[in-house]
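First comes the structure, then the notes that go with it.
For ligands, and for the atoms within them, numbers begin at 1 and follow the listed sequence.
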Amino acid sequence: MRDVTEQRNSLLAAAAGTAAVAGSYLVTGWTPSFVVRPVDQAIVNLTPGPIVTFMIETVGDAGHLIHIAMAFAVVIGLFGAVAFAGLRLSARTDRSLAGAAATGLVSWLLAAALAGGPTQAVGAAIPAAAVVAVGGLPPQAPDPASGGDSPVAEPAAGAVDAVRRRTLGAVAGALGFAAATVVGRRSLGSDDGTLADAPRSEGAAERLRELESASLAVESDELLGMASPIGEFYNVDIAEFDPEVAATEWSLTFTGETGAERTVTFDELIDRPVEHRAVTLRCVGEDLNGRKLDNAVWTGTPIRPLLESVDPQGDCDCAMLRGEDGYYVQFPVDVLAEGFLAWGMNGKELPTGHGHPVRVLIPGHWGETNVKWLSEIELLNVEEDGYWEERGWEGTGEVKTVAKLWDEGITELDDGRIELAGHAYAGTRGIERVEVSTDGGGSWSDAALSDPLPDADVWRQWRHVFDPDGTHEVVVRAVDGEGNRQIRERSDPSPTGSSGWVRRTVG
Ligand SMILES: Nc1nc2c(c(=O)[nH]1)N[C@H]1C(S)=C(S)[C@@H](COP(=O)(O)O)O[C@H]1N2
Ligand SMILES: [Mo]
């Protein structure tokens with residue numbers, strides 16, 4: 001009997017823990033007030049740098065799934081332990097409501113302590129208490145044949161069934177609640193709002209049309225065009241949970257070695273001269289033929305005039321940029337001055353995952369310089385490492401030149417020929433040429449390229465069609481606008497970005 005009760009209580013406790021997490025999510029969504037968020041942050045922060053780097057190189061995005069799963073397990077376990085104690089209390093006092101009340105109170109304290117909001121913590125407390133109240137009720141109508149209320153007496157079959165039903169009911173209720181919460185919240189949270197005023201989104205739409213008409217006619221429609229759709233644009237974040245920052249609450253402060261500190265609000269920012277720029281981003285952590293390379297049309301304003309207005313004075317001529325998620329990166333003020341503060345992406349509001357409401361775009365430099373959810377620019381006297389530099393990367397410099405050949409870029413045409421197509425990127429140096437070999441590097445031909453664009457920092461598409469004869473060793477390499485050919489020697493992404501020529505067997 002005891003074992004059965006323990007099992008039953010463990011099941012109920014796990015259900016209560018799940019319900020608490022779901023309730024918190026219902027109230028907060030994927031924000032820093034969600035109870036799993038601080039635990040996930042702690043796991044990420046406590047993981048030693050070499051392990052983080054190793055995970056990125058070996059499991060890539062799956063690494064996120066691992067730490068997030070750990071965080072969920074820990075938090076469900078914490079609330080589950082509280083509920084387990086609550087169920088015991090119910091049994092001991094023979095009053096289920098005592099256990100439920102205690103579970104609610106302690107869960108509330110725990111949620112408030114974890115995510116720091118007494119009001120939002122109620123979201124976790126109520127569902128946990130409810131599961132204990134429902135699941136922990138003593139049988140209400142004991143079978144008279146069972147020989148009275150004596151706790152040591154063998155309960156009648158009817159009472160056992162009632163307990164089982166209630167347990168299953170509580171567990172099913174908790175799981176149903178969790179599922180409904182996830183589905184309900186997801187359908188609420190869409191952030192593809194069109195840019196506030198029509199002329200602005202029209203300007204972005206026009207730039208998108210220009211990109212479209214510069215693009216090559218490529219047979220494979222799966223291949224991304226000149227602009228990546230928002231949903232396809234790659235994502236790299238240090239935390240699983242995107243900060244949710246309302247435009248009305250956002251501001252950017254210039255601090256440190258300035259002639260005059262300055263804070264800029266969102267309304268002030270979007271009042272400044274507006275531009276729509278095509279800017280390509282590439283992550284230093286991606287594999288040679290990886291797909292953390294994308295392009296979009298961004299709406300925003302140049303940083304230089306703002307920077308000049310605060311009169312930067314530090315000895316290193318360098319600045320530390322910080323985001324609301326705790327991310328930070330440091331690089332020269334000269335480089336920052338070329339940058340752009342963006343609040344729109346492909347004619348929409350900047351989506352949460354890409355830094356809503358405002359991010360930085362630095363021409364020609366690795367992705368990590370493009371701080372999302374930007375909150376502070378600190379002018380320094382002495383250089384300091386950024387988040388990734390502390391973890392062994394050297395990814396604040398200019399991008400390496402690369403030509404990609406993704407799976408979608410290899411297509412057999414109706415006439416039997418093979419079309420090879422892809423993207424090439426060299427930051428502000430631009431792409432001058434893409435060379436393709438179909439014999440393992442013995443001979444080379446120039447690929448066709450998309451029309452050059454006026455934007456300083458944008459990729460080009462390339463396309464090459466050939467008549468296959470058995471299998472071919474295809475090699476592609478780009479030449480940048482300064483005449484430098486892509487580095488031939490292979491290297492891993494860490495620490496300065498992958499190099500080498502993409503090679504694929506085709507046919
Ligand atoms: N605040 C913040 N900014 C950030 C990051 C981050 O984790 N937090 N990741 C950086 C990295 S490593 C890259 S490659 C780019 C990716 O931008 P995206 O997610 O919009 O593609 O954002 C950069 N900016
Ligand atoms: Mo990155």
Subject >> NZ/NE/NH1/NH2 to OD/OE distance under 4.0 Å, R460 and E432 >> reply: no
Original post:
Taking the six-membered ring for Trp, are W459 and H423 parallel (under 30°), tilted (30 to 60°) or perpendicular (over 60°)?
Top reply: tilted
Subject >> Geometric class of the W343/F266 ring pair [parallel <30°, tilted 30-60°, perpendicular >60°] >> reply: perpendicular
Original post:
Where on F233 is there a heavy atom closer than 4.0 Å to ligand 1, on the side chain, on the backbone, on both, or on neither?
Top reply: side chain
Original post:
Can you tell which part of Y234 has a heavy atom less than 4.0 Å from ligand 1: side chain, backbone, both or neither?
Top reply: both
**OP:** For the residue pair E368 and N370, confirm or rule out a side-chain donor-acceptor distance under 3.5 Å.
**Re:** no
Original post:
Judged by non-hydrogen atoms, does W388 sit under 4.0 Å from ligand 1?
Top reply: yes
**OP:** Consider ligand 1: state whether an atom of it lies below 4.0 angstrom from any non-hydrogen atom of R282.
**Re:** no
Backbone or side chain, does any N or O of [X] fall under 3.5 Å from an N or O of ligand 1?
{"X": "G353", "result": "no"}
{"X": "W373", "result": "no"}
{"X": "K372", "result": "yes"}

Students should be able to answer this: which protein heavy-atom is nearest to [atom], and at what distance?
{"atom": "atom 5 (C) of ligand 1", "answer": "V236 O, 3.7 Å"}
{"atom": "atom 11 (C) of ligand 1", "answer": "E368 CA, 3.7 Å"}
{"atom": "atom 22 (O) of ligand 1", "answer": "R359 NH2, 3.5 Å"}

Contact atoms of ligand 1, heavy-atom distance to [X] under 4.0 Å:
{"X": "N370", "result": "22 (O), 23 (C), 24 (N)"}
{"X": "D237", "result": "7 (O)"}
{"X": "V371", "result": "3 (N), 24 (N)"}
{"X": "C283", "result": "14 (S)"}

Original post:
What heavy-atom pair brings T496 and V284 nearest, and what distance separates the two atoms?
Top reply: C-CG2, 3.7 Å
Original post:
What heavy-atom pair brings V436 and A447 nearest, and what distance separates the two atoms?
Top reply: CG2-CB, 3.9 Å
Subject >> Atom pair NE2/CD1 of H354 and I230 - distance to nearest 0.5 Å >> reply: 7.0 Å
Subject >> W406 six-ring centre to R291 NZ/CZ under 6.0 Å and within 45° of normal >> reply: yes
**OP:** Tell me which one of G326, G395, G367 gets a heavy atom nearest to atom 23 (C) of ligand 1.
**Re:** G367
**OP:** Run down the list I238, D325, V284, I230 and name the one with the heavy atom closest to atom 8 (N) of ligand 1.
**Re:** D325
**OP:** Using atom types as modelled and distance alone, determine if a side-chain donor or acceptor of K400 lies under 3.5 Å from a backbone N or O of I487.
**Re:** no
**OP:** Would you please name every residue forming a ring pair (Phe, Tyr, Trp, His ring centres under 6.0 Å) with W501, sequence neighbours left out?
**Re:** W444
